[in-house]
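Computed from a predicted structure; not experimentally measured.
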Amino acid sequence: MALTKEQLIKLYSNRLVKALIPVEFGEAFIQSITNDLQTTLLHPANATEPCDLQTIVTKLKVQFLSNNLKNEWVEFQNIVNSLSRFKSLDQICNYLAFLDALRDNNQQQQPQHAQNHHHNPEEVLSSVSSMSPSKQTHAQQQQHHNLPSASALTLSQLIEPYYDTLPEQTILTYLPYTLLGLDSKIFTFSNDFKRLEIPQDINNSFSSLLRQVFEFAILYKQLLMVVEKYKGTLQLAIKTAYIAVLESQLTEYANLVNHVFNNQPSSILAVYNSIFPWIFKLRFLYRVSNKLTQCDGYEFLAVIYNFTKHGDLRIKEIANIAFNEVVKPYYNILEHWIIKGELIDNNNEFFIRFDPQENEFNNIIRLLPERVPEFMKLSDKIFQIGKTLIFLNKYCRELKWVNQFNVKYSTIVFSNYHGLASMSTNEIMELINSQYHEILSFLTQIIQGDNRMFTHFCNFKRFYFMETNEFIDALMIRGLNVFNDSAVNISSTYLSKVLQEAVQISSVKNSEYLNRLDSRLLNPQHGNLGWETFTIEYKIDDLPMSYLFEGKQHLKYLKIFHFLWKLRNLSHLLNLNFDMFNELNHNVVRELPNRNKKPLSKSIGIISVIRNQFSLFLNELIAYLSYEVIEDSFQKFIVKKLFYNTETFLMNKLFLPIEQDQDQNQNQFNVNLLTIDELVEMHGSYLDNIINNNLLNEKYKGMETSLSLIDQIYDLLQTIFEFINTSQEYYSLVVNYGLVLQSEQVNRSFAIQQDGEDLEFQLHKVKNKIYKDIYQRDFQLQLKDFKDDLNRDYNLKELSKML
């Protein structure tokens, strides 16, 4: 915006005082003189003004002369006296402008060493010829013919040489070509179109104004080159849309320039004022255009959006115009995604991407949080809408419902509106929230109602986590002979037979999910028994559930099952051991003579006590894992996440509609509306919480022993297994000892007697091994260390008390 006369007088008078008064007088003194001079000059009609100027002169005289600055004083006095003769603000302003231009030119013409030298008025004014090369000869002739000195000339005579210029109308004739990026007879662009030359026969006044006008021309030319370079060549839809906006804006600017000059403007200043509002638009477009090669589509869109929040309303206006057009291709991608579940994004401009390297559904479709635009609200819901549409279409085969969804929201977006780009932010958010609730309600009905996801969760727990005890016991009973064989020798036929027999003698035979049960051996190798590799399998191979129960989760189930199977197997073997020794007591030991029966009965009693200790340990450990770890995790991560009313639900009525409110957003089932990601995450968290429990986590170390608790458990289990083997050895010795004693009653030979003594020694040795080595040395010490670690863990103290 141009300065007023008053502002110009203040500007030039400030420069004049600073040029004439030495800095040694001090900044405060100089500012005081400046203020006095400006106050006087801005009131030329005041009759006391000459006196005011004279007061300023008098105030300075002593200061100048006392510092031996006589020449400088004369120079200042002459200029102030000249100012005193002008009455109008225009005259004062023109004279001050002349003196300012004269001072600048004089400093340019003189050598550097002379620029700080003060001249008298005649010497300063004699340099006027340097301001206008066209008048230089005239000034020299004037001096040659001894014309009046500069101090004797009027202001009009002094200024006239500097105002000699190319006529303004001539400039205006060629100016429209320049403003539209074309060379003309008097104005030509540089080779890179970033500079314009101003001829020397145009005076400083016009030159200063033209420099401002030429910014429009250079910006327009640069932007026109951008359009010519990229129009029809860009692959990114967002950048292509921007080029269209840029071309449209340049056309609008060109039309304005033509309109201005068709009306024959009176001056260059009039032209400048007419096109001035466009400087902000052109600067914005130029800055944004420079980002075309630096940013991808998403980043380029973000740059423009950031300008829509600019503090300057003029910048904000043009930024909004550009953004509203550039965002349309982006919204086109969004429309396909939330209406059809299609990702039409060939240039990776969207915040959702397909990963072809992944195989599992939940990993193929990825949300990229770092590429979510600031203006894009509810990005998580947007992601889930499209993802769920794909899931319902491809994996649930709900083609009819998906098509109805498509028609409904296509009508809203394209009939009620003209696409998402024509909708306000609140309208878009309302649309997305409506879609989100509708699609999750239907997904819940399909997954939880029709496909009974929760029932499958319960069955996983029932079979993999051995909740059905009598079925697991039946498996061990029916598989006793088969599982003791080498794993590589066990055929699938034998496994199927074991499974079928176990089913028939347990409550599982009444289950409607019986056809999902199977059994197999995991990686059977030489040296491994069937017990070590056997596992059951609850098959989920039907759509759509197989895509929700991913492979990694199945492996976690098998890992937990394998550990629990080991515990239950040892517990089962201890029960068999009990039965075996009970039979030994009744059939062998009871028949022995009293002198032999007493020590054996005592030893068997000790073995029974030890066995009971082992059984107690296993039973308490199994109970803790079943209730405090598995069931607690199930309630926390499955039941409480899945149902919003966990106190009153019944398994057989979980998904029946409940009484519905008038509010249509009220869920009709006693089930929280969860996305596919949330369902998978819920399931994974449930399993991870079990596996990462301190009792089972290999990385967790006991505070007392610095050993992992799970490794200590395996050591204890190995000790129990050693007890089972050693006690079986003792059982065999007792049986043989009974046979020897019976033979001794018939034949008291030395050999038989010697055999009896050898067996007594062996029995004593094995009993000591069981009691002293296995129980006292190994088990009790291991159990003590284990319980010490448990006591140091707040969450496991209760288990320590139970063991």
Side-chain angles (χ1 to χ4, degrees), residues 1-2 94 97-98 101-102 104-105 108-109 128-141 156 159-231 246-283 285-286 289:
M1 183 176 291
N94 289 338
F98 161 70
L102 186 66
D104 289 345
N105 187 73
Q108 293 174 6
Q109 293 294 322
V128 70
S129 61
S130 65
M131 288 297 294
S132 178
S134 64
K135 291 297 179 181
Q136 192 170 8
T137 304
H138 171 75
Q140 292 171 349
Q141 291 174 351
S156 176
I159 294 176
E160 182 181 359
Y162 299 94
Y163 274 78
D164 185 37
T165 182
L166 196 67
E168 188 170 16
Q169 286 302 318
T170 303
I171 296 174
L172 288 173
T173 300
Y174 294 100
L175 190 57
Y177 298 100
T178 305
L179 286 173
L180 295 178
L182 301 173
D183 289 335
S184 67
K185 184 177 179 180
I186 59 177
F187 302 121
T188 58
F189 286 88
S190 62
N191 292 334
D192 60 359
F193 300 100
K194 292 183 177 180
R195 293 177 62 253
L196 277 163
E197 296 294 334
I198 300 177
Q200 291 185 347
D201 55 355
I202 295 178
N203 67 20
N204 285 353
S205 178
F206 288 154
S207 295
S208 177
L209 191 54
L210 284 173
R211 288 189 186 94
Q212 299 181 60
V213 174
F214 283 170
E215 183 181 0
F216 293 82
I218 293 172
L219 288 174
Y220 174 80
K221 183 62 177 178
Q222 291 294 319
L223 293 173
L224 199 61
M225 292 166 60
V226 171
V227 173
E228 293 170 353
K229 179 179 180 180
Y230 292 114
K231 185 177 181 180
L246 179 58
E247 185 177 28
S248 173
Q249 289 295 310
L250 294 182
T251 300
E252 190 176 333
Y253 164 81
N255 291 337
L256 173 65
V257 171
N258 289 328
H259 175 76
V260 169
F261 283 93
N262 286 339
N263 292 333
Q264 298 181 348
S266 60
S267 64
I268 300 172
L269 183 60
V271 172
Y272 177 76
N273 289 333
S274 297
I275 65 175
F276 175 75
W278 270 88
I279 194 62
F280 301 98
K281 295 183 180 181
L282 293 174
R283 287 171 179 170
L285 293 170
Y286 181 73
S289 296

Original post:
Cut-off 3.5 Å, side chains only: do Q222 and Y286 have a donor facing an acceptor?
Top reply: no
Original post:
Considering only heavy atoms from C-beta outward, does the side chain of L175 approach that of F214 to under 4.5 Å?
Top reply: yes
Original post:
Does some side-chain heavy atom of S289 sit less than 4.5 Å from a side-chain heavy atom of L246?
Top reply: yes
**OP:** Specify the closest pair of heavy atoms between Q249 and L285, including all atoms of both residues, with the distance to one decimal.
**Re:** CB-CD1, 3.8 Å
Subject >> Crowding at OH, Y230 (>12 non-hydrogen neighbours, <6.0 Å) >> reply: yes
Original post:
Going by heavy atoms in the side chains, are L196 and L210 under 4.5 Å from each other?
Top reply: no
**OP:** Could you tell me whether the side chain of E197 and the main chain of T188 form a donor-acceptor pair under 3.5 Å?
**Re:** no
Original post:
Can you tell if the side chain of I202 reaches within under 4.5 Å of the side chain of F187, non-hydrogen atoms only?
Top reply: yes
Subject >> Considering all heavy atoms, the nearest A217-Y253 contact >> reply: N-OH, 4.4 Å
**OP:** Mind checking the CG-CG spacing from L224 to L182? Nearest 0.5 Å is all I need.
**Re:** 8.5 Å
Subject >> Under 3.5 Å: donor-acceptor pair, side chain of S274, backbone of A270 >> reply: yes
**OP:** Indicate whether the side chain of N255 and that of H259 have a donor and an acceptor atom separated by less than 3.5 Å.
**Re:** no
Original post:
Do E252 and W278 come within less than 4.5 Å of each other through their side chains, counting heavy atoms only?
Top reply: yes
Original post:
Heavy atoms, side chains only, cut-off 4.5 Å: are F216 and V257 in contact?
Top reply: no
**OP:** Answer whether the closest heavy-atom distance between the side chains of I186 and T173 falls below 4.5 Å.
**Re:** no
Original post:
Is the closest side-chain heavy-atom distance between L256 and V260 below 4.5 Å?
Top reply: yes
Original post:
Aromatic rings F276 and F280: how do their planes relate, parallel, tilted or perpendicular, breaks at 30° and 60°?
Top reply: perpendicular
Subject >> Pairs involving residues 212-229, ordered by first then second residue, that meet salt bridge (charged side-chain N to carboxylate O under 4.0 Å, His left out) (sequence neighbours left out) >> reply: E215-R283
